[in-house]
Amino acid sequence: MKKEIGGFAVPKAGHDRGKLYVIVGYEEGKFLLADGRLKTMETPRKKQRKHLDFLKAEDDLKKLFSEGERSVRNEEIKRAIKLHAARVHIKQEVTDVQE
């Protein structure tokens, strides 16, 4: 489970379906998710593996979690989510134009 920490996950169901989160930990058989805004590092959302879709993470975000020298701040999580969403949006626009 340690390899997923620092990655991105999107819930498949519930009121937060489709929202992008960062995996910040694993506890009692559930993944701990944070968005840096409503669900912070201090109060993460808990979700089971079967309720999540996993996305590829950026290496720099995973590196922050694996180093362990300092704790990851909520601002860094918000920024990572914003950058990932922008990259995905740009890729979708490019494929739409080619079709």
Side-chain angles (χ1 to χ4, degrees):
M1 300 307 154
K2 194 163 182 92
K3 66 180 181 178
E4 283 105 353
I5 294 177
F8 293 104
V10 178
K12 295 178 187 178
H15 68 277
D16 59 348
R17 177 183 63 226
K19 188 173 179 180
L20 189 61
Y21 287 98
V22 173
I23 302 169
V24 297
Y26 188 77
E27 179 181 287
E28 299 173 4
K30 295 184 180 182
F31 286 94
L32 304 177
L33 309 173
D35 65 0
R37 210 173 52 92
L38 296 174
K39 290 299 173 183
T40 62
M41 289 290 293
E42 297 77 30
T43 59
R45 176 172 301 285
K46 294 179 182 179
K47 287 278 189 176
Q48 294 179 3
R49 174 183 281 282
K50 67 182 179 180
H51 296 145
L52 295 172
D53 283 328
F54 296 93
L55 305 173
K56 186 176 179 184
E58 310 305 319
D59 290 333
D60 53 340
L61 187 59
K62 282 192 166 195
K63 195 180 296 182
L64 281 175
F65 280 97
S66 65
E67 287 175 354
E69 293 176 8
R70 62 175 180 84
S71 61
V72 179
R73 298 186 336 249
N74 290 316
E75 292 80 21
E76 292 170 318
I77 291 175
K78 284 191 282 189
R79 181 166 166 68
I81 289 172
K82 187 176 180 179
L83 290 173
H84 183 75
R87 279 191 208 109
V88 170
H89 183 69
I90 289 170
K91 287 180 184 177
Q92 287 177 347
E93 283 184 2
V94 170
T95 56
D96 290 344
V97 171
Q98 292 174 351
E99 293 175 359

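Just so it is clear, the values below take in all heavy atoms, side chains as well, and ignore hydrogens, waters and symmetry mates.
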For the student: nearest non-hydrogen atoms of [X] and [Y], plus distance:
{"X": "A13", "Y": "K47", "result": "O-NZ, 3.6 Å"}
{"X": "L52", "Y": "L33", "result": "CD2-CD1, 3.7 Å"}
{"X": "A80", "Y": "F8", "result": "O-CZ, 3.7 Å"}
{"X": "L55", "Y": "V10", "result": "CD1-CG2, 3.7 Å"}

For this session: Report the residue from K39, E42, R79, R37 that forms a side-chain contact (heavy atoms from CB on, under 4.5 Å) with N74.
Result: E42

Exercise. Considering only heavy atoms from C-beta outward, does the side chain of H84 approach that of V22 to under 4.5 Å?
Worked result: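 In short, these two side chains do not touch, never coming nearer than 4.5 Å.
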
For this session: State, with a plain yes or no, whether a side-chain heavy atom of V24 is found less than 4.5 Å away from one of I77.
Result: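 Touching, per the 4.5 Å side-chain cut-off.
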
Problem set entry | Reported CD-to-OG1 distance for the pair E75 and T40, which is rounded to 0.5 angstrom |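 Nearest 0.5 Å value for the CD-OG1 distance: 10.5 Å.
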
Exercise. How many angstroms lie between atom OH of Y26 and atom CD of E4, to the nearest 0.5 angstrom?
Worked result: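 Y26 OH to E4 CD: 8.5 Å, rounded to 0.5 Å.
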
Exercise. Looking only at atom types and distance, does a side-chain atom of D53 sit under 3.5 Å from a main-chain N or O of K12, one as donor and one as acceptor?
Worked result: no

For this session: Examine L83 and Y21 and state if one hydrophobic cluster contains both, with Ile, Leu, Val, Met, Phe, Trp and Tyr joined whenever side-chain heavy atoms are less than 4.5 Å apart.
Result: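 No: no chain of side-chain contacts under 4.5 Å links L83 to Y21.
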
Problem set entry | Enclosure of K78 NZ (heavy-atom neighbours >12, cutoff 6.0 Å) | yes

